[in-house]
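Note: hydrogens, waters and symmetry copies are ignored here, and every other heavy atom, side chains too, is used.
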Amino acid sequence: MCGIVGIVGKSPVNQSIYDALTMLQHRGQDAAGIVTHHEGRVFLRKANGLVRDTFQARHMHRLRGNMGIGHVRYPTAGGSSSAEAQPLYVNSPYGIALAHNGNLTNAGQLVQEIFAQDRRHINTNSDSEVLLNILAHELAEARTAHLTPEDIFKAVGTLHRRCKGAYAAIALIVGHGMLALRDPHGIRPLVYGKRETEEGTEYMIASESVALDVLGFDLVRDVLPGEAIFIDFEGNLHAKICADGGAYTPCLFEHVYLARPDSIMDKISVYKARLRMGEKLAEKILREWPDHDIDVVIPIPDTSTTSAMQMAHVLDVKMRHGFVKNRYIGRTFIMPGQALRKKSVRSKLNPIGLEFKGKNVLLVDDSIVRGTTCKQIVQMAREAGARKVYFASAAPPVRFPNVYGIDMPAASELIAHGRDVETVRQAIGADRLIYQDLQDLIDACREGNPEILQFEASVFDGNYITGDIDQAYLDRLEVGRSDAAKKDRELNESIIDLYNAD
């Protein structure tokens with residue numbers, strides 16, 4: 001999960017890209033970067049850390065130009081070394097900078113192809129560098145000093161045939177313009193909008209529509225699966241579907257957890273989808289537990305609040321905000337190491353005892369991934385005086401790892417992997433555990449856009465829609481994503497970063 005943005009404007013775009021990245025900060029807190037284009041040169045600033053920490057006034061002054069792209073990252077493939085912060089840049093052909101959200105599932109094979117056939121060298125463990133070099137090679141095949149839109153679309157078509165997995169990307173091509181592309185399944189989100197100024201039309205492309213909203217751009221539509229959009233320096237927009245076939249299967253987990261509620265993606269309001277999730281989960285409780293004794297519904301902030309609100313309404317019980325959140329602590333399920341996660345949860349949430357004492361409380365979360373957080377929160381509710389603690393998940397059991405750009409843990413570290421609901425209930429210490437049914441979750445999202453016939457829901461059902469994921473791949477993923485492997489990798493990268501800083 002990363003956030004990407006690109007703007008083709010009529011005036012300097014550095015501040016606008018910065019503001020957009022702050023609106024996408026929830027999609028990545030590991031690193032941030034901006035590249036701008038001015039008079040045939042690119043200007044780059046990127047580093048590990050939050051947007052506000054990466055860019056100081058001196059950096060912003062150097063980011064000149066009316067066109068640029070930006071990126072916020074957390075590590076999925078590769079690691080967290082500052083060398084892998086994006087945008088990434090290659091100087092041949094033309095000079096290309098790229099910001100990528102997603103994960104190439106055949107990156108290992110492509111690295112070998114790039115070296116043997118394309119005569120290109122990959123210098124990091126990032127699949128984004130692989131995607132950039134594939135794009136660079138295919139654009140070089142045009143063998144012309146000035147690319148036409150058709151040259152670019154042809155290159156993207158070949159890229160689609162070579163690359164598998166999930167990728168939404170924005171590239172800045174020096175001397176030509178800005179390119180946006182989305183994989184043939186449309187797994188990761190990408191939207192574009194425009195605004196009219198006195199100087200002319202400006203365009204913006206971003207992972208979520210909320211970034212467009214805050215800058216006054218009107219949402220035009222989603223970038224379609226397999227589509228490429230090219231905007232030249234004169235502000236002319238060209239679009240073409242560059243991939244054959246491919247079912248429209250956007251990521252279901254975006255609506256559960258990743259996206260902001262005020263975003264619209266794939267024509268679906270994330271807020272309304274989460275309202276419907278809460279409604280369907282409450283209906284399940286009334287159907288299976290009609291004589292429930294729930295006194296109060298308490299959301300675990302913030303992603304579950306919308307669903308919890310609707311659950312309380314349908315159940316006809318009060319909803320109260322029983323936890324106060326420290327908003328300076330990052331998302332916990334992607335944090336390395338169990339000890340760090342445990343400490344983080346206690347630092348992140350503090351219960352309000354008056355809302356728990358002597359009550360039967362229904363805690364609502366968007367999902368249960370490792371279970372580490374849930375177990376501690378259940379214990380916190382008991383310590384605050386709750387008589388009984390029930391737990392509801394707005395998503396079905398997460399039983400399988402994600403291979404399309406979400407850094408979920410190894411399968412063995414997912415609490416629901418190979419376990420039934422009762423075993424999970426016992427593990428987190430709740431008096432009752434209620435999961436959303438997968439079909440209800442799909443219906444809650446699909447109601448916003450009936451044209452979508454299928455979602456990418458592999459974390460729930462183990463069905464990897466790109467068709468190239470086998471057990472051997474998952475076994476390699478298990479090794480690479482374990483807490484022990486991440487700890488070793490981060491130690492090595494810290495040493496490298498320290499050496500480079502010296």
Side-chain angles (χ1 to χ4, degrees), residues 1 74 252-253 256-258 277 281 284-285 297-305 307-308 311 322-323 325 329-351 356 361-384 386 388-402 406-438 441 457-462 474 477-478 481-487:
M1 179 182 71
Y74 84 87
L252 190 60
F253 204 70
V256 171
Y257 176 76
L258 302 182
M277 291 176 204
L281 191 52
K284 179 178 180 178
I285 291 174
V297 173
I298 295 179
I300 298 170
D302 283 315
T303 321
S304 64
T305 301
S307 296
M311 285 186 70
F323 292 101
K325 180 180 179 182
I329 303 293
R331 291 180 159 183
T332 54
F333 92 81
I334 62 174
M335 287 186 177
Q338 288 289 91
L340 178 58
R341 272 187 294 274
K342 289 178 180 178
K343 181 180 179 181
S344 176
V345 173
R346 286 287 179 172
S347 303
K348 185 176 184 178
L349 297 176
N350 191 49
F356 292 90
V361 301
L362 175 64
L363 304 179
V364 181
D365 207 351
D366 52 79
S367 57
I368 303 173
V369 181
R370 294 176 184 266
T372 309
T373 300
C374 300
K375 182 177 181 179
Q376 290 187 76
I377 290 175
V378 169
Q379 183 60 34
M380 289 165 65
R382 294 196 191 281
E383 292 172 357
K388 292 183 180 178
V389 182
Y390 308 123
F391 204 100
S393 168
V398 177
R399 293 197 164 104
F400 305 93
N402 185 278
I406 306 173
D407 191 24
M408 283 188 174
S412 61
E413 294 169 356
L414 298 170
I415 193 170
H417 180 72
R419 300 180 179 92
D420 59 19
V421 174
E422 175 59 20
T423 305
V424 176
R425 181 199 68 77
Q426 293 175 9
I428 67 173
D431 293 296
R432 190 168 188 134
L433 174 61
I434 306 100
Y435 275 109
Q436 184 86 264
D437 291 333
L438 179 55
L441 175 59
S458 57
V459 297
F460 306 121
D461 61 13
L474 295 176
L477 200 69
E478 176 84 14
R481 286 191 178 177
S482 68
D483 279 339
K486 286 184 178 180
K487 186 175 181 180

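To the nearest 0.5 angstrom, R382 atom CZ is 10.0 Å from K388 atom NZ. Between the CE atom in M1 and the CG atom in N402 there is a gap of 11.0 Å [rounded to 0.5 Å]. D366 contributes atom CG, which lies 8.5 Å from atom CD1 of I300 (distance to the nearest 0.5 angstrom). K348 contributes atom NZ, which lies 14.0 Å from atom CG of N350 (distance to the nearest 0.5 angstrom). Rounded to the nearest 0.5 angstrom, I434 CD1 and L281 CG are separated by 7.0 Å.
Taking all atoms of both residues into account, the shortest heavy-atom contact from A411 to P401 is CB-CD, 4.0 Å. Nearest heavy atom pair, residue P351 against residue M380, reads CD-CE, 3.6 Å. Across L414 and R419, no two heavy atoms sit closer than the pair O-NH1, 3.3 Å. Contact detail for G371 and I368: the closest heavy-atom pair is CA-CG2, 4.0 Å. Across every non-hydrogen atom of A386 and V361, the tightest pair is CB-CG2, 4.1 Å. Considering every non-hydrogen atom in both D302 and K325, the closest pair reads OD2-NZ, 3.2 Å.
Inter-residue side-chain proximity for M277 and S307 is flagged as met; some heavy-atom pair is nearer than 4.5 Å. For the pair T423/I415, no side-chain contact is recorded, criterion being any heavy-atom separation below 4.5 Å from C-beta on. Under the 4.5 Å side-chain criterion, counting only non-hydrogen atoms from C-beta, T303 is not in contact with V256. When side chains are defined from C-beta on, L362 does not count as touching I298, because their heavy atoms never get closer than 4.5 Å. Looking at heavy atoms from C-beta onward, Y435 lies out of side-chain contact with P396 at the 4.5 angstrom threshold. Within the 4.5 Å cutoff, the side chain of S304 has no heavy atoms near those of the L363 side chain. Residues M311 and V364 have side chains in contact (heavy-atom distance under 4.5 Å, counting atoms from C-beta outward). Side-chain contact check for F253 versus I406: some heavy-atom pair is nearer than 4.5 Å.
Evaluation of the ring pair (Phe, Tyr, Trp, His ring centres under 6.0 Å) rule for F323 yields F356 as partners, not counting sequence neighbours. With sequence neighbours excluded, no residue forms a side-chain hydrogen bond (donor to acceptor under 3.5 Å, both in side chains) with R399. By the ring pair (Phe, Tyr, Trp, His ring centres under 6.0 Å) test, F391 pairs with no residue at all, sequence neighbours left out.
In this pair, H417 and F400 present their aromatic rings perpendicular. The plane angle is above 60°, beyond the 30 to 60° band.
For Q436 (side chain) and A395 (main-chain N/O), no donor-acceptor pair under 3.5 Å exists by modelled atom type. Under a 3.5 Å cut-off, the side chain of D431 and the backbone N or O of V389 do form a donor-acceptor pair.
Ionic pairing of D420 and R425 is not present here: no N-O contact between side-chain nitrogen and carboxylate oxygen is shorter than 4.0 angstrom.
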Checklist entry - Can D437 and K284 be said to form a side-chain contact (heavy atoms from CB on, under 4.5 Å), step by step? => result CA-CA 9 Å; D437 291 333; K284 179 178 180 178; 2.9 Å; yes
